[in-house]
Novice: 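Take this structure, written in structure tokens, and hold onto it; I'll ask about it next.
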2 protein chains.
Amino acid sequence: EDIVVSEVSLDASQSRVTLTRLPDVPGVASRIFEAVAEGGVMVDMIVQNVSHHGHTNISFTVPREDIDRCLLLVREVMEPWPEAELQHDRQIAKLSVAGIGLRSHTGVGERMFRALAESNVNVQLINTSEIRISAVVAIEQGEVAVKSLQQAFGLSASR
Amino acid sequence: EDIVVSEVSLDASQSRVTLTRLPDVPGVASRIFEAVAEGGVMVDMIVQNVSHHGHTNISFTVPREDIDRCLLLVREVMEPWPEAELQHDRQIAKLSVAGIGLRSHTGVGERMFRALAESNVNVQLINTSEIRISAVVAIEQGEVAVKSLQQAFGLSASR
Ligand SMILES: C[C@@H](O)[C@H](N)C(=O)O
Ligand SMILES: C[C@@H](O)[C@H](N)C(=O)O
């Protein structure tokens with residue numbers, strides 16, 4: 001099972017953008033990411049959870065050097081959504097556990113979240129794929145978090 | 001740029017579980033996924049967005065044949081969180097656009113969301129990685145959605 005996870009990493013180079021109270025109707029995600037793409041800003045994680053009373057939030061992460069420009073690009077297209085708000089977190093820590101077949105190896109996510117919990121690290125965003133589970137935490141918890149994951153998976157960090 | 005995206009797929013075999021109004025404190029994600037893992041249920045997507053007033057939601061997807069058992073497992077561990085609620089969607093359609101280097105190819109996400117929007121498909125959840133962008137939509141929109149993505153990326157669907 002230790003062969004399943006090949007890498008634990010900390011990425012402290014990104015910022016988070018979150019649009020809240022977006023109308024949950026077709027065309028909203030498209031409008032946002034069209035603006036960001038046309039501005040040439042690279043997007044790493046995109047996270048959207050289910051809506052509540054017709055509204056939902058979309059968060060995404062970008063390189064820190066692009067955050068200010070990204071916020072300008074996004075604000076420009078928010079006009080049709082007067083209730084929506086824009087928030088951001090300039091400094092975030094993204095922890096990733098990478099491997100193969102994470103879906104069928106049911107213990108990996110559990111082990112990652114348990115290691116973070118035991119180190120009192122709070123998970124702010126979660127995003128997953130077959131080969132990577134990522135959790136965003138506060139920047140000041142990044143070092144503790146990656147050490148905790150290293151220990152849990154018996155690996156040294158790659159950054 | 002067409003070389004970047006190698007596959008468009010529709011997965012109509014999963015169900016969604018969402019826990020709402022969870023306290024946003026360490027140990028919550030761990031407790032949930034420990035219960036699911038110990039029950040032997042495979043988890044595909046996990047999505048959590050940022051909290052609001054100390055609460056947040058966690059959604060995840062599982063094979064449809066496991067949904068009932070999964071709900072039982074999760075309910076058992078929700079006792080410490082009296083405000084939390086459990087919802088699910090038995091039938092969801094997960095659309096994925098797969099390729100390489102999706103982070104640096106800023107047009108892929110935009111093209112995917114635009115194709116869905118133009119077909120009036122509403123995006124319920126979004127989850128991303130370097131090699132895959134996934135959007136969950138209502139089951140009845142799955143076919144329209146995958147055809148729209150096939151057309152947008154010039155590929156036939158793989159399922
Ligand atoms: C919120 C956003 O994802 C919207 N549901 C859309 O389809 O664009
Ligand atoms: C909501 C959940 O992710 C919580 N923040 C935790 O760290 O477990």
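Predicted model only: the values in this text are computed from it and were never measured. The sequence lines fix the lettering, A, B, ..., with proteins before strands; numbering per chain opens at 1.
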Novice: Check whether Gln87(B) gets within reach of chain A through its side chain, its backbone, both or neither, counting any heavy atom under 4.5 Å.
Specialist: side chain

Novice: For Val41(B), which atoms come within 4.5 Å of any heavy atom of chain A: side chain, backbone, both, or neither?
Specialist: backbone

Novice: Above 12 or not: heavy atoms from other molecules or residues under 6.0 Å from CD of Glu85(A)?
Specialist: no

Novice: Among Leu125(A), Asn127(A), Val136(A), which residue has the highest count of heavy-atom pairs closer than 4.5 Å to chain B?
Specialist: Asn127(A)

Novice: Tell me the closest heavy-atom pair linking Asn57(B) and Asn49(A), and the distance in Å.
Specialist: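 The answer is O-ND2, 3.2 Å.
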
Novice: With clusters defined by side-chain heavy atoms of hydrophobic residues (ILVMFWY) lying less than 4.5 Å apart, directly or transitively, does Val144(B) cluster with Val25(A)?
Specialist: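 Both belong to a single hydrophobic cluster.
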
Novice: Is the count of non-hydrogen atoms from other residues, nucleotides or ligands lying under 6.0 Å from His52(B) atom NE2 greater than 12?
Specialist: no

Novice: Where does Ile133(B) contact chain A at under 4.5 Å (heavy atoms): side chain, backbone, both or neither?
Specialist: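 No part of it gets close to chain A.
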
Novice: If I measure from the heavy atoms of chain B, does Arg31(A) come under 4.5 Å with its side chain, its backbone, both, or neither?
Specialist: neither

Novice: Is there side-chain contact between Arg103(A) and Val43(B), with at least one heavy-atom pair below 4.5 Å?
Specialist: no

Novice: Do you reckon Leu71(A) sits in the same ILVMFWY cluster as Val62(A), going by side-chain contacts under 4.5 Å, direct or chained?
Specialist: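 Cluster IDs for Leu71(A) and Val62(A) match.
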
Novice: Quick check on the hydrophobic clustering: are Phe113(A) and Val28(B) connected, directly or via other members, by side-chain heavy-atom contacts under 4.5 Å?
Specialist: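 Phe113(A) and Val28(B): one cluster.
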
Novice: Sort Arg114(A) into side chain, backbone, both or neither according to what part of it lies under 4.5 angstrom from a heavy atom of chain B.
Specialist: both

Novice: Relative to chain B, which segment of Leu116(A) carries a heavy atom at a distance below 4.5 Å: side chain, backbone, both, or neither?
Specialist: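 Neither; nothing under 4.5 Å.
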
Novice: Between Glu38(A) and Glu110(B), is there a side-chain heavy-atom distance shorter than 4.5 Å?
Specialist: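 Answer yes - side chains close enough.
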
Novice: Taking side chain as everything from C-beta outward and backbone as N, CA, C, O, which of these in Ser59(A) sits under 4.5 Å from a heavy atom of chain B? Side chain, backbone, both or neither.
Specialist: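 Both backbone and side chain.
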
Novice: So for Val121(A), is it side chain, backbone, both, or neither that comes closer than 4.5 Å to the heavy atoms of chain B?
Specialist: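 For Val121(A), the contact with chain B is made by the backbone alone.
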
Novice: Identify whether Val137(B) and Ile92(B) are in the same connected component of the hydrophobic contact network (ILVMFWY, side-chain heavy atoms under 4.5 Å).
Specialist: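 In one cluster with Val137(B): Ile92(B), no.
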
Novice: Using heavy-atom distances under 4.5 Å, tell me whether Ile131(A) contacts chain B through its side chain, its backbone, both, or neither.
Specialist: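 Just the side chain, heavy atoms under 4.5 Å.
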
Novice: Taking it one step at a time, do Asn122(A) and Asp24(B) satisfy side chain to side chain contact (heavy atoms under 4.5 Å, CB included)?
Specialist: CA-CA 7 Å; Asn122(A) 193 47; Asp24(B) 188 19; 3.2 Å; yes

Novice: Heavy atoms only, distances under 4.5 angstrom: which of Gly27(B), Ala117(B), Ser134(B) has the most pairs with chain A? Name it, please.
Specialist: Ala117(B)

Novice: Could you see if Val123(B) belongs to whatever hydrophobic cluster contains Met78(A)? Use Ile, Leu, Val, Met, Phe, Trp, Tyr and a side-chain cutoff under 4.5 Å.
Specialist: yes

Novice: Quick one: of Glu130(B), Glu118(B), Met112(B), Gln124(B), who has the most non-hydrogen atom pairs under 4.5 Å with chain A?
Specialist: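 The option with the most such pairs is Gln124(B).
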
Novice: So how far is it from Phe60(B) CZ to Thr128(A) OG1, rounded to the nearest 0.5 Å?
Specialist: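 Separation between the atoms: 11.5 Å.
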
